[in-house]
Amino acid sequence: MPVSLDLITGALSFLFTILILSYLIGDNPLFKIAVYLFVGVASGYVAVVIFWQALYPKLFLPLWQVALTADINRGLFLLAPLLGSLLLLFKLFPGSSGAARIVMAFLVGAGAAVTIAGALSGTLIPQVNATINFFDMRSAAARNISAFEALGNGAILLLGLVTSLAYFHFGARQRPDGSAKRFGLIEWIAWLGRIFIGITLGVIFAGVYAAALTALIERISSLVNFIRVLFGIP
Amino acid sequence: MTDMITCPLCGIENPPGQKICIRCQTPLSMDASFQPGQAPNRKDTGELEPLLPQWLREAREIARESETNKPPEPHTPLSPSASNMDLLAGLQSQSGDEAEEEIPDWLASITGTAAPKPKPEETETGEVRWVEAGKRADFQQTETGNDEMPPWLAGIQPASAGAEDKDELSDWFRKSGEEAVTFETPSSQPSADGSPFSPLASSPDDTPDWLKQMSADAGEKQPEQPVAAPFESSDWFSQPSEPRSSQSLDFSSETPDWLKQIQTDANAAPSSQAIGSEREIPGWLGQEVPADSNIPAQPPASEPLSETPDWLAGLVAESASVAEAAPAESEALVSEDEVPSWLKPESDKSSNNVTPSWLQSESNTAEQPQASGELFNDLPDWLKSAAPPPSPLDKPEKAAEMPPAEPAKAMPFETVPAFAEGDLPAGGNAFLTEMPDWLSNAIETPLSAGIVPEPITSSDALAPNVLPSWVEAMRPSDQGMANILATANDQPLESQGALAGLQGVLPAGVGFTPTSKPKAYSIKINTSEEQLKHAAILEQILAAETAPVTISSEKSLGASRILRWALAFILLAVAFGTAFIRSPFFSTPVAIPNELNYAVAVAQAIPADAPVLVAVDYEPSRAGEMEAAAAPLLDNLLLIKHPRLTFVASNEAGSILAERLIAGPLAVHNYQSGVTYLNLGYLPGGQLGIRAFAQNPSATAPLDINGQTGWASAPLQGVTSLSEFAAILLITDTANAARAWIEQTQSVRGGIPILVVSSAQSTPMIQPYYESGQVNGIVSGLYGGALYEQRFNNGRPGTARAYWDAYSVGMLAAAVFLLGGGLINLGLGLRDRSAGKAGK
């Protein structure tokens, strides 16, 4: 009787799920075995993915094509990533890690520029405009949102934004007894901002819990399905 | 030649004025060394009294007391000089009598030095002084006889004695014997006859000069001095004596204990047993007794005779003959108990072994002149040097012819013996046992009879270099020792430590002792209240720094472990239960959020068979949630629009998760890679890769995961840029991935809609992009998937619904836990607050 791949996959999945769940009793060798296996498999998988989905289609294959076609212009264009990749390997050796600085500087600089540009154009300006648009009745009407609702949402968003920013304002005056106290209005606004921050963190916690609970349920359902299939339970 | 100085060492004569010997370089000066006949230096050795034996110190103390208590007595012609020994000289000097420190005449005469003039003896009871220096009565003799004197002493006997060969020693020996006779016969009166010394009758040629001088001195002193003059030779014999009476002697208060014991023993013993008792006579004395013993009731002398030396046996025989001549006196002879044992050989000739050796030697010399060769064996060295050569006049027969009564008549005073009759114990040796060690040793040191001592010359006796230099250096000096002792007496006595018992070992330097009371300084610090307050604060700070901080044990760890186990058990039970039951008992949510409605609207607005870009960026751990959320949307889209899907991943696992998604929940649609969908794989570089892909998708991801050129495939047909996609569907579990895709595609995507299928944990951060219009719709987690599945996809594929019951129970449990925990904390807070108020 041939053993199906799904059974083997299901058995390994069941086994490693149990090993990971053994962390409930604390750190133990079974949990470590499962973690080490996942780390090892993930590293190997990443290496394969990097080679086959990054280096090979974007460096080695073009170089091979350049070599075949003798396209010097394309070859020179591919020389930069090749040289940069080789220089990055010097980071493996502390004595010659300086050779990779220029490559790292290029990567950091390019990444920072892209990130800042993307943040400005994709987050900061659009979010400012969105906050302003909450009080745009025409925009709200276009989205079928009533003016009261739009003003209410806008007011809450504005209040939450201002108060949350005020909470992170730590300027204060020194009292005669040496203690520091923020300005009264800022203190009151910061107190409101603390409420908004708390609500936000609560929502994030609820989302984390919901995601974790869904993952748990998925694993438990996987185990149950394996058991059902294994024992033929309908 | 008289001015020549003879070297004491080599004997060579040196010219007068020579300081050192021209031959041996021996110092000839008399200042730095002893010379024969030199008077001892005056030393106040009284400070050395602590060095003396205890018994001797007590005796000296009693003597002082007796001196101070008793009335002064008439001066006696003879002064009780101390012996030549420095130790005893110091004892004598303690009394303060300078005369006592003078060299004894007899010794001075012997050594040839001019004897000082006899000085009258100061008043001294002498009862205890006898212990120190002896006394005349100590040397009393039962009979006198010039025949007992050695020939060299006989030569200096006074002429009135009728014997030419008498000397001073013989004379006082004789007189001491007479004293004994007088004592034993109280009726006898002292004779008026002074019995002066006669000049030396021996041949002048045979007599040394110093002896001649001594004889001349004796002759000169004869008319001046009373009868006691002959006792100059022995100052301790010249002690003032009181009439002999054993009953009148009071030793109880002035005699040391050991002497009292002797007295008591002597009193207990009958006198009859003492006199003539051969059992007390040493054997060496008793050997001659039987030869001519006329003493009645004489016990068998078998044992004592064996102990008597030959020379003394002769004395005993002579004594016996004298006893025959004067039976009355013999009968009246004092017993041996009355006579100090160490004088018995000279006193009554019934010597016993108590006699000191040094005195025995003297007695031998006096009693056995004929055996001069043997005599010298018993003589001390210093006396040997003074011994005259044998003289034909020194015949024992002549000495025996002396009338025994004459010396008695010559006794000018009553003598008091040093010891009472019963002082001596029954055993003669008992006295030796009571004697101090230094004296016992001196007595017990026998002189070998077989060794004939060489004649002692003056250089041998007291040569200046006899004393080693170190001994000379150790000799106490008058002023030095006195100063040291005087200083030491003023110093404190160490009572502790290794120096305990020493005095003045750590003297304080002169000038270092405080001359006045040290000034008292106040140790109080002048501080203000504020300074004290600050000091207290500083002390508190330092104490807080040094005080160990107790680390509070994490008691909540045990509770949290139990809580964790409880929560895990509840969640696992719910998940397993609902998974096994599979019966939906929780309804799906009714309210549909706007972002979901807009997502459904956007999905339904996508044209059919349009290229749709699906960006996958979530972790495998979130695959269950993300698949449950994205599957209904994709299933609905594939079911209705049949879009050409192009998958691209912005993380390493996205491409394989996309394959899992197509092969899993969307497997029913039978989408084929390269035909209906294309997986371009991983976009490296993060935001750079996304930006590059947004700007030039074909150049950034030219190949699919199979290595095939996908841009010419059916799914990407007609698509060369990002804006040519009908819609962008972003499936991500992180807000950063959503923000990266939104930001980096903001400028290039144009008006194409973007839908976000996100995890529940990242939706709150993606929600602003929906509110800003950058995201057209959001399907959030299992909740959004379940809504989309139930409301817009007829319950397909059913994954979200399968998880929904467990998810609902889990969320309810979480709500209960949060609510319960909040209430518990509220209760604890109220209790603490009330407790705090109660405490206040």
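All figures in this text were calculated on a predicted structure; none of them were measured in a lab. Lettering of chains follows the sequences in order, A, B, ..., and the numbering in each one begins at 1.
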> Heavy-atom pairs under 4.5 Å with chain A: which of B/Pro702, B/Pro620, B/Gly773, B/Pro768 has the most?
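Sorted descending by pairs with chain A, the first entry is B/Pro768.
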> Report which part of B/Met765 has an atom under 4.5 Å of a heavy atom belonging to chain A: side chain, backbone, both, or neither.
side chain
> Which one of A/Trp52, A/Phe38, A/Tyr45 has the most heavy-atom pairs closer than 4.5 Å to chain B?
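Of the options given, most contacts go to A/Tyr45.
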> Select, from A/Ala113, A/Ser121, A/Pro57, A/Ala119, the one with the greatest count of heavy-atom pairs under 4.5 Å involving chain B.
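Max contact count across the listed options: A/Ala119.
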> Give a yes-or-no answer on whether the side chains of B/Asp617 and B/Ser650 include a donor-acceptor pair shorter than 3.5 Å.
yes
> Please state whether the side chain, the backbone, both or neither of B/Gln746 comes within less than 4.5 Å of a heavy atom of chain A.
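Answer is side chain: those atoms of B/Gln746 sit under 4.5 Å from chain A.
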> Which heavy atom in B/Phe693 sits nearest to a heavy atom in B/Trp711, and how many Å separate them?
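Where B/Phe693 meets B/Trp711 most closely, the heavy atoms are CE1-CZ2, 4.1 Å.
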> Under 4.5 Å heavy-atom distance to chain A, tell me which part of B/Tyr769 shows up: side chain, backbone, both or neither.
both
> Does any backbone or side-chain atom of A/Leu223 lie under 4.5 Å from a heavy atom of chain B? Answer side chain, backbone, both or neither.
side chain
> Taking it one step at a time, do A/Ser222 and A/Arg219 satisfy side chain to side chain contact (heavy atoms under 4.5 Å, CB included)?
CA-CA 5 Å; A/Ser222 173; A/Arg219 281 294 86 195; 3.5 Å; yes
> Which heavy atom of B/Ala628 sits nearest to which heavy atom of B/Ala800, and what is that distance?
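The answer is O-CB, 3.9 Å.
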> What part of B/Ser747 lies closer than 4.5 angstrom to a heavy atom of chain A: side chain, backbone, both or neither?
neither
> Return the option, out of B/Ile690, B/Thr700, B/Asn651, with the maximum number of heavy-atom pairs under 4.5 Å with chain A.
B/Thr700
> Can you tell me which of A/Ala212, A/Ala117, A/Gly111 forms the most heavy-atom pairs within a distance under 4.5 Å of chain B?
A/Gly111
> Which bit of B/Pro684 is near chain A, if near means a heavy-atom gap under 4.5 Å: side chain, backbone, both or neither?
side chain
> Less than 4.5 Å to any heavy atom of chain B: does that hold for the side chain of A/Ile25, its backbone, both, or neither?
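Interface part for A/Ile25: both.
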> Under 4.0 Å between a Lys/Arg side-chain N and an Asp/Glu carboxylate O for B/Arg660 and B/Glu627?
yes
> Please look at B/Ile656 and chain A and tell me whether the side chain, the backbone, both or neither of the residue comes under 4.5 angstrom of a heavy atom of that chain.
both
> Tell me, out of A/Ala54, A/Ala130, A/Gly118, A/Ala206, who's got the most heavy-atom pairs with chain B below 4.5 Å.
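Ranked by contacts with chain B, first place is A/Gly118.
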> Just by distance, no angles: are the side chains of B/Gln761 and B/Asp733 close enough, under 3.5 Å, to form a donor-acceptor pair?
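No, no side-chain donor-acceptor pair sits under 3.5 Å.
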> For each of A/Leu213, A/Leu61, A/Val49, tally heavy-atom pairs with chain B at distances under 4.5 Å, and name the one with the top tally.
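The option with the most such pairs is A/Leu213.
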> Taking B/Gly689, B/Ser621, B/Gly624 one by one, which has the highest count of heavy-atom pairs under 4.5 Å against chain A?
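Of B/Gly689, B/Ser621, B/Gly624, B/Gly624 has the most heavy-atom pairs under 4.5 Å with chain A.
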> Can you say whether B/Gln774 sits under 4.5 Å from chain A via the side chain, the backbone, both, or neither, judging by heavy atoms?
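The side chain, not the backbone.
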> If you count heavy-atom pairs under 4.5 Å between each of A/Val46, A/Thr123, A/Leu24 and chain B, which one has the most?
A/Thr123
> Quick one about B/Asn736 and B/Thr734 (side-chain donor to acceptor, distance below 3.5 Å, no hydrogens or angles considered), yes or no?
no
> Given 3.5 Å as the limit, does a donor-acceptor pair link the side chain of A/Thr131 with the main chain of A/Gln127, or not?
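Such a contact is found between A/Thr131 side chain and A/Gln127 backbone.
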> Hey, do the aromatic rings of B/Tyr783 and B/Tyr807 have their centres closer than 6.0 Å?
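They do not qualify: ring centres at least 6.0 Å apart.
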> Between the side chains of A/Ser164 and A/Arg194, is a donor N or O closer than 3.5 angstrom to an acceptor N or O?
no
> Can you say whether the rings of A/Phe14 and A/Phe226 are parallel (under 30°), tilted (30 to 60°) or perpendicular (over 60°)?
parallel
